[in-house]
There are 2 protein chains.
Amino acid sequence: MNVIEISKVLSNKTRVNILKWLKNPEVNFPPHQDIDHFDDGVCVGYIQDKTGLSQSTVSTYLNSMQNADLVIPTRHGKWTYYRRNEAVIQAYVDALKNEL
Amino acid sequence: MNVIEISKVLSNKTRVNILKWLKNPEVNFPPHQDIDHFDDGVCVGYIQDKTGLSQSTVSTYLNSMQNADLVIPTRHGKWTYYRRNEAVIQAYVDALKNEL
DNA sequence: ATAACATATCTATTTTTTTAGATATGTAGA
DNA sequence: TCTACATATCTAAAAAAATAGATATGTTAT
């Protein structure tokens with residue numbers, strides 16, 4: 001868990017929004033076509049629509065968030081689903097509380 | 001209290017270090033010449049020495065931290081002392097815990 | 001008033017980040 | 001296998017951040 005790297009992710013409004021949206025996928029995204037739950041998160045296309053940014057930009061953002069271990073990807077056929085990594089998010093908040 | 005702006009400050013190792021050092025000034029800095037306490041924080045010169053960066057860079061960093069309300073400056077004669085703004089730091093951690 | 005000093009601001013350069021178009025990869029279905 | 005589609009990666013341009021030297025400002029002491 002790298003505090004600097006995670007803070008860098010959180011220094012961008014869109015990336016923070018993505019993390020917040022993923023907290024309540026059923027409220028923030030339409031249902032998926034292939035499955036009827038959000039257990040593995042949300043596909044990239046839906047996240048892209050919500051941000052209004054280009055596909056490559058959103059993919060880059062999700063990649064940086066994955067590198068920081070803030071999200072976990074899962075393949076479902078053609079789609080990649082992203083969900084929050086609650087353990088790392090919690091560890092980050094705890095680290096700030098204790099060390100900062 | 002701006003989460004994005006504060007996260008931007010925290011995305012740099014030196015700036016995080018400055019905040020941490022200011023938590024225990026008596027441990028991390030030599031005593032001041034004019035006063036015998038750290039109630040108003042630490043003068044810029046001491047912080048600069050500790051970072052090893054140039055005077056202008058440290059001043060820029062402290063300015064960005066002040067803009068984010070993470071530190072509070074106080075003039076003492078020729079010196080400007082910087083101390084942590086514990087209320088805002090606390091509010092930031094709480095906001096992350098609740099909103100993130 | 002002048003000199004010395006601490007800090008801030010200005011200016012410029014290098015590095016990093018943001019962003020998107022183009023292209024590549026991987027998967028599912030015909 | 002060929003096509004369509006979702007996502008990732010490559011490439012490049014523009015914007016922002018990092019960094020420091022030079023200069024300005026404000027304060028103290030002489």
Side-chain angles (χ1 to χ4, degrees), chain A residues 2 4-19 22 25 29-35 38 40-68 70-83, chain B residues 2 4-19 22 25 29-35 38 40-68 70-83:
Chain A
N2 185 323
I4 302 298
E5 193 181 4
I6 292 180
S7 297
K8 210 168 283 182
V9 167
L10 300 182
S11 70
N12 176 287
K13 189 140 189 53
T14 299
R15 290 189 298 253
V16 170
N17 281 336
I18 292 172
L19 271 185
L22 289 180
F29 300 98
H32 283 122
Q33 298 175 332
D34 57 339
I35 50 175
F38 287 105
D40 291 324
V42 179
C43 69
V44 178
Y46 286 176
I47 297 173
Q48 189 204 327
D49 290 345
K50 190 107 176 164
T51 62
L53 295 172
S54 75
Q55 187 267 318
S56 68
T57 298
V58 172
S59 188
T60 300
Y61 279 5
L62 289 168
N63 184 258
S64 73
M65 293 164 78
Q66 181 189 338
N67 285 336
L70 286 169
V71 295
I72 300 167
T74 308
R75 261 272 184 184
H76 278 239
K78 291 193 287 189
W79 296 275
T80 306
Y81 290 64
Y82 283 91
R83 68 178 190 278
Chain B
N2 184 325
I4 302 299
E5 194 181 4
I6 292 180
S7 296
K8 209 167 284 180
V9 167
L10 300 182
S11 70
N12 175 288
K13 188 140 190 54
T14 298
R15 290 189 299 253
V16 170
N17 281 337
I18 291 172
L19 272 185
L22 290 179
F29 299 99
H32 283 122
Q33 297 175 333
D34 57 339
I35 49 175
F38 288 104
D40 291 323
V42 179
C43 69
V44 178
Y46 286 178
I47 297 172
Q48 189 205 327
D49 290 345
K50 191 106 176 163
T51 62
L53 295 172
S54 75
Q55 188 268 318
S56 69
T57 297
V58 173
S59 188
T60 300
Y61 279 4
L62 289 169
N63 184 258
S64 72
M65 294 165 78
Q66 181 188 339
N67 285 337
L70 285 170
V71 294
I72 301 166
T74 308
R75 261 274 185 184
H76 277 240
K78 292 194 286 190
W79 296 275
T80 307
Y81 290 64
Y82 283 91
R83 68 179 189 278

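Every value quoted in this text rests on a predicted model; they were computed, and no experiment measured them.
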Across the strands shown, which category fits A/T80 at heavy-atom distances under 4.0 angstrom: base, sugar-phosphate, nothing? sugar-phosphate
In this structure, how many angstroms lie between the C1' atom of C/dT7 and the NE2 atom of B/H32, rounded? 13 Å
Does any N or O in the side chain of B/H32 come within less than 3.5 Å of the main-chain N or O of B/C43, such that one atom is a donor and the other an acceptor? yes
Length of the CG-P vector between B/N63 and C/dC10, whole Å: 10 Å
Length of the line joining B/L62:CG and C/dA6:P, which is rounded to integer Å: 16 Å
Check whether any side-chain heavy atom of B/I18 lies under 4.5 Å from a side-chain heavy atom of B/T51, and answer yes or no. yes
Rounded to the nearest angstrom, tell me the gap between atom CD in A/E5 and atom P in C/dT16. 15 Å
Does B/Y61 reach the main-chain N or O of B/V9 with its side chain, forming a donor-acceptor pair under 3.5 Å? no
Sub-3.5 Å pairs of nitrogen or oxygen atoms, protein against nucleotides 14-20 of chain D:
residue, atom, partner, partner atom, Å
D/dA18, OP1, B/R15, NH1, 3.3
D/dA18, OP1, B/R15, NH2, 3.1
D/dA18, OP2, B/R15, NH1, 3.0
D/dT19, OP2, B/Y61, OH, 2.1
D/dA20, OP2, B/S54, N, 3.0
D/dA20, OP2, B/S54, OG, 3.3
D/dA20, OP2, B/T57, OG1, 3.1
D/dA20, N7, B/S56, OG, 2.8

Do B/T14 and B/V58 come within less than 4.5 Å of each other through their side chains, counting heavy atoms only? no
Could you check whether any side-chain N or O of A/S11 sits under 3.5 Å from a backbone N or O of A/K8, counting only pairs where one atom can act as donor and the other as acceptor? yes
note: B/W79, atom CH2; C/dA8, atom P; distance rounded to Å ~ 14 Å
Which whole-number value in Å describes the distance from B/K13 NZ to C/dT16 C1'? 18 Å
Contact letters for nucleotides 24-30 of chain D, in which S counts primed atoms plus P, OP1 and OP2 and B counts the base, heavy atoms under 4.0 Å: --SBS--
Could you state the CD-P distance from B/Q48 to C/dA8, rounded to the nearest angstrom? 11 Å
Here the gap from A/D40 atom CG to A/Y82 atom OH, rounded to the nearest 0.5 Å, amounts to 13.0 Å
Is the side chain of B/Y81 donor-acceptor paired with the backbone N or O of B/I72 at a distance under 3.5 Å, no angle test? no
Is A/Y82 near enough to D/dA6 that one of its side-chain N or O atoms lies under 4.0 angstrom from OP1 or OP2? no
Could you pull out all residues at least two apart from B/R75 that satisfy salt bridge (charged side-chain N to carboxylate O under 4.0 Å, His left out)? none
Figure out the OH/C1' separation between A/Y46 and D/dC5, and round it to whole Å. 14 Å
Does the side chain of B/D49 reach to within under 4.5 Å of the side chain of B/F29, using non-hydrogen atoms? no
